[in-house]
Asks: 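Got a structure here, written out as structure tokens. Questions coming.
Numbers here simply count residues along the sequence, with the first being 1. Everything quoted here is computed from the prediction, not taken from an experiment.
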Amino acid sequence: MLSMKYSINTKVYIKSVDRIRKAAPIGLALLIAGIAPAQALSLDEQRTRYEKAIAAIERNDLATFSSLKAQIKDYPLYPYLEYRDFTRDLNQASPKQVENFLARYDALPFTDTVRARYMNVLASQKDWKALLKFQPSVPRGESYQCNYYYAHSQAGDKALALSGAKSLYLSGSSVDRACDKLFDYLDDKGKLTDKLVLDRMLLAFENRNGNLVRYLDKQLSGTTAKAQADDVLALYKKPQGVADFSKKSKVTPFNQRLTQMAFERLARSDAEEAVAQFKRTVEGQHYSKSERQKMADYLTSRLMSTDDDKLAAWRDKWLKTTANQSLLERRFRVSLTQADWPALAGWLSRMSASERKTLKWRYWEARIALETGDMARANKLFEAMVGERNFYSVAAASHLNKPIAFDYSTSALDVKALAPYKTSLRRISELLELDKLTAAKREWYHLLERVNSQEKAMLAAYAAESNWHHLAVQATISGKLWDHLEYRFPVAHRWWFEFFSKERELPLTTLLALSRQESAFYTHAVSPVGARGLMQLMPATAKETSKKLGFRYLGVSTLSDPGINIRLGSGYLKMLLDQFDDNRILAFAGYNAGPHRATRWLEKTDGKLDAIAFIEAIPFNETRRYVQNVLMYDVYYRKLLGQPLQFLSENEANRRY
């Protein structure tokens, strides 16, 4: 628990850190400042007026908004006031006015929003000719596409309208209501046939959308179509009838598709029954050899963890003829969990030649040689792998007792190269100053879309020097600048990480590595499942951890505060390390997938594996990559901070898993 002298005045400290975080490099700051004329108002005064203007337009106080807006025309975020003002009466604007606005602000990300909203305006006004002139190509987004094709049905290419309508209709999910009039047009032209409805029923079946399957059944009119729909509904409800249906039904493309989807549905619910029905199912509809293999592949994917010898034998028989590399890799892991090295050699040999050339499978070829007694060949293969910036290369070096070595690149910041983008950078800097992080990210991504790879390297360097940590990382990803380690792996929020590194007795590099993997240092990151902040804490985990730490937790919103997030995230990681005897491999696996799963995987391998083999045997792709990444990121941070390079600790390397 933190001592009192470190727990007070943290808000004051955060504000001072934020000021440092948002400061631009001096050279570019001077360059950016040089674009604006002398100001009657200070920058702080302009910011105040800007925020007051935003508040005024949100409460519809247009007089105050207009007055404030007129005072800050040279403020970097003035275009956002123009955007608010222009879109307020967008339905009164002419296409020419909108085009002029878009041309004036083409460097800003809100142009896409303006274009989309104006398409809706023209559609609501039923001005189809104007819509097609304004939007001459197919737009992105389902509702916009529906309006676009409907516009063609009324004032353009009728054949294109029908083609687009059919394409949008054939969806296994519910479609936007904006498409209703387009589908009515399709029906009016006699093109919304029973066949089209049945094809969509199959898509809904495949998408596991029972409500849509039942809804579409009611749209059919023909006797034959209704009978086919009855088959669809029956197999959706009870896929156990798939073999009987396959044998008794006429061989048609429709029945073949329905049979395949029903068989897959059966495989998901009862794999053993699917094995029993496989032969009759594939014979009944006269599937080709490749189609039978595809159906077998689907079923084998459901049998990877089976303990039944007969089911395993059926699975392996079909896997020996598959070309599906993903399935072969999963089967490899089954044998790896059992430490069955001769079987591993067999499964590896069935992978494609191109796959076996990758560093990963070259490593496992060497390991198989090592474990089966061919030391000379193993060492030769390991030797050929070292020196790469890669998990498997570093693992190979550890087998040879060689030091970790890899090259990395850097790019010195060239201020002049960024001169064309100074206006955008000035806006981003202001947005960050105002804590408009989402808007700043949107501007940054929009900028990255418009520059080449070399300019992305300069932007990464600029972001790094500005302490825009998350944006620096995103620039390296956008530019595929994998060798630029200092930009890919910034030392972000250093004070907090160093403080809790000492407080928890955890390596600084480990905390940085885990946070880099979790959020790329984006303080407001929210995962699809609700994990939040730098160290991506689930709210329930944060609450439980805070209780154990004796820290007063004030709710989910506080997890975007770097100090609070790192306090709780480092505390949770420390608890996992204590639970798993200071083993980072198990702690990282537990952090990502839950400690109960890490324990279960450890029980399954039962001491048969070393560290690298255990990591490879992790059945979750995400968790396996996660553990590999964080271990390597730890190495990179050691390199960048001038510390001795270490891959695994002695405890981790010597343990049996």
Side-chain angles (χ1 to χ4, degrees), residues 271-272 275 297 299-320 322 324-351 355-356 358-373 378 391-392 395-396 398-399 579-581 583-631 648 651-657:
E272 185 174 0
V275 169
D297 283 353
L299 182 49
T300 61
S301 73
R302 314 295 300 182
L303 294 169
M304 283 299 173
S305 60
T306 184
D307 294 323
D308 185 294
D309 291 342
K310 289 184 179 179
L311 295 179
W314 188 94
R315 174 198 67 196
D316 290 351
K317 180 188 76 171
W318 282 97
L319 284 174
K320 287 175 181 176
T322 189
N324 188 311
Q325 301 300 299
S326 175
L327 289 176
L328 290 171
E329 181 172 341
R330 289 180 62 192
R331 182 60 184 87
F332 182 93
R333 288 198 180 90
V334 172
S335 290
L336 184 59
T337 300
Q338 299 160 352
D340 188 346
W341 296 98
L344 287 166
W347 292 115
L348 181 58
S349 70
R350 296 184 182 280
M351 294 183 186
E355 191 76 13
R356 293 200 305 271
T358 63
L359 208 58
K360 170 180 176 174
W361 296 114
R362 284 162 53 200
Y363 171 82
W364 286 109
E365 183 182 358
R367 278 298 304 273
I368 291 166
L370 178 66
E371 300 294 339
T372 55
F391 175 85
Y392 295 100
S398 68
H399 285 289
Q579 178 180 344
F580 291 114
D581 300 323
N583 186 295
R584 292 176 304 155
I585 295 168
L586 299 173
F588 294 159
Y591 198 102
N592 178 258
H596 62 291
R597 289 196 178 95
T599 300
R600 188 191 313 155
W601 297 331
L602 198 58
E603 290 170 351
K604 194 170 183 66
T605 54
D606 194 28
K608 295 188 290 289
L609 303 180
D610 68 355
I612 305 301
F614 175 78
I615 294 169
E616 193 69 54
I618 292 173
F620 289 4
N621 290 336
E622 178 191 327
T623 304
R624 184 169 58 256
R625 287 192 293 266
Y626 181 96
V627 174
Q628 291 175 346
N629 284 350
V630 182
L631 288 172
L648 300 177
N651 169 46
E652 293 160 350
N654 292 338
R655 173 174 178 157
R656 300 301 294 175
Y657 296 79

Asks: Does some side-chain heavy atom of Arg655 sit less than 4.5 Å from a side-chain heavy atom of Leu586?
Replies: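 Yes, their side chains come closer than 4.5 Å.
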Asks: If you compare all heavy atoms of Leu299 against all heavy atoms of Trp314, which two are closest, and at what distance to 0.1 Å?
Replies: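 What the structure gives for the nearest pair is CD2-CH2, 3.4 Å.
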Asks: Which heavy atom of Gly590 sits nearest a heavy atom of Ala598, and at what distance?
Replies: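 So the minimum-distance heavy-atom pair works out to N-CB, 4.0 Å.
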Asks: Minimum heavy-atom separation for Arg367 and His399, please, with both atom names.
Replies: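 Closest heavy-atom pair between Arg367 and His399: CD-NE2, 3.4 Å.
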Asks: Let's go through Gln628 and Tyr392 carefully: what are the C-alpha distance in whole Å and the side-chain angles of both, what is the deciding distance for side chain to side chain contact (heavy atoms under 4.5 Å, CB included) to 0.1 Å, and is it a yes or a no?
Replies: CA-CA 9 Å; Gln628 291 175 346; Tyr392 295 100; 3.0 Å; yes
Asks: Which is it for Thr599 and Phe580 under the side chain to side chain contact (heavy atoms under 4.5 Å, CB included) test, yes or no, and what are the steps along the way?
Replies: CA-CA 9 Å; Thr599 300; Phe580 291 114; 3.7 Å; yes
Asks: Find the distance between OG1 (Thr337) and CE (Met304) and round it off to the nearest 0.5 Å.
Replies: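 These two atoms lie 11.5 Å from each other.
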Asks: Please round to the nearest 0.5 Å and tell me the distance separating atom CZ of Phe588 and atom CG of Asn629.
Replies: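 Going from the CZ atom of Phe588 to the CG atom of Asn629 covers 11.0 Å.
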Asks: Mind checking whether Leu648 and Ser398 have side chains closer than 4.5 Å, heavy atoms only?
Replies: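 Heavy-atom side-chain distance check fails, nothing below 4.5 Å.
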Asks: Between Thr322 and Asn324 (side chain of the first, backbone of the second, donor and acceptor by atom type, cut-off under 3.5 Å), is there such a pair?
Replies: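 Yes, the answer is positive, given that a donor and an acceptor are paired below the 3.5 Å cut-off.
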Asks: Can we call the ring centroids of Phe620 and Trp601 under 6.0 Å apart?
Replies: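 Distance test on ring centres: under 6.0 Å, yes.
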Asks: Using modelled atom types only, decide if a donor and an acceptor are shared between the side chain of Arg656 and the backbone of Lys608 within a distance under 3.5 Å.
Replies: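 Between the backbone of Lys608 and the side chain of Arg656 there is a qualifying donor-acceptor contact (under 3.5 Å).
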Asks: With a 3.5 Å cut-off and no angle check, do the side chains of Glu329 and Trp347 form a donor-acceptor pair?
Replies: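 Side-chain D/A pair, Glu329 to Trp347: absent.
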Asks: Sub-3.5 Å donor-acceptor pair from the side chain of Glu652 to the main-chain atoms of Arg584, do we have one?
Replies: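 Side chain of Glu652 to backbone of Arg584: a pair is present.
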Asks: In Å, rounded to the nearest 0.5 Å, how long is the span from CH2 of Trp364 to CG of Leu344?
Replies: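 Reported value, rounded in 0.5 Å steps: 8.0 Å.
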Asks: Using every non-hydrogen atom in the two residues, find where Ala339 and Leu609 come nearest and quote the distance to one decimal.
Replies: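 Minimum heavy-atom contact is CB-CD2, 4.0 Å.
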Asks: Does Glu616 offer a backbone N or O that forms a donor-acceptor pair with the side chain of Arg333 under 3.5 Å?
Replies: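 It does hold such a pair.
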Asks: Just by distance, with hydrogens left out, do Arg362 and Thr358 show a side-chain donor and acceptor under 3.5 Å apart?
Replies: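 No, because no side-chain N or O of Arg362 sits under 3.5 Å from a partner of the opposite role on Thr358.
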Asks: So, applying side chain to side chain contact (heavy atoms under 4.5 Å, CB included) with Leu303, which one of Asp308, Val334, Leu311 is it?
Replies: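 Of Asp308, Val334, Leu311, side chain to side chain contact (heavy atoms under 4.5 Å, CB included) with Leu303 is met by Leu311 alone.
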Asks: Nearest 0.5 angstrom please: Leu359 CG to Tyr363 OH, how far?
Replies: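 That separation rounds to 11.0 Å.
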Asks: With rounding to the nearest 0.5 Å, note down the distance linking OH in Tyr657 to CD1 in Ile618.
Replies: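 The CD1 atom of Ile618 is 10.0 Å from OH of Tyr657, to the nearest 0.5 Å.
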Asks: Answer whether the closest heavy-atom distance between the side chains of Leu631 and Ile615 falls below 4.5 Å.
Replies: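 Result yes, sub-4.5 Å side-chain heavy-atom pair found.
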Asks: Which atom names give the shortest non-hydrogen contact between Ala378 and Ala366, and what distance separates them?
Replies: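 Closest approach of Ala378 to Ala366: CB-O, 3.4 Å.
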Asks: Measuring only between side-chain heavy atoms, which start at C-beta, is Lys604 closer than 4.5 Å to Arg600?
Replies: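 Not touching, per the 4.5 Å side-chain cut-off.
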Asks: Count the heavy atoms belonging to other residues, nucleotides or ligands that lie under 6.0 Å from CG of Asn654, then report whether that count exceeds 12.
Replies: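 Atom CG in Asn654 is crowded, with more than 12 foreign heavy atoms closer than 6.0 Å.
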Asks: So which atom in Ala395 and which in Ile612 form the shortest heavy-atom distance, rounded to 0.1 Å?
Replies: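 The pair with the smallest heavy-atom distance is CB-CD1, 4.1 Å.
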Asks: Counting distance only, does the side-chain N/O of Arg315 pair as donor-acceptor with the main-chain N or O of Thr300 below 3.5 Å?
Replies: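 Looks like no, no N/O pair under 3.5 Å.
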Asks: Could you measure the distance from the CH2 atom of Trp361 to the CG atom of Leu328? Nearest 0.5 Å is fine.
Replies: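 One finds 9.0 Å between CH2 of Trp361 and CG of Leu328.
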Asks: Just wondering, do Gln338 and Thr605 contact through their side chains at under 4.5 Å, heavy atoms?
Replies: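 Thr605 does not reach Gln338 side chain to side chain.
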Asks: Under 3.5 Å, is there a donor-acceptor pair between the side chain of Arg330 and the main chain of Ser301?
Replies: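 Confirmed, Arg330 side chain pairs with Ser301 backbone.
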Asks: Does Asn583 use its side chain to pair, donor to acceptor, with the backbone of Ile585 at less than 3.5 Å?
Replies: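 Yes; at least one donor-acceptor contact below 3.5 Å.
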Asks: Give a yes or no on whether Glu371 atom CD has more than 12 heavy-atom contacts from other residues, nucleotides or ligands under 6.0 Å away.
Replies: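 More than 12 heavy atoms, drawn from other residues, nucleotides or ligands, come within 6.0 Å of this atom.
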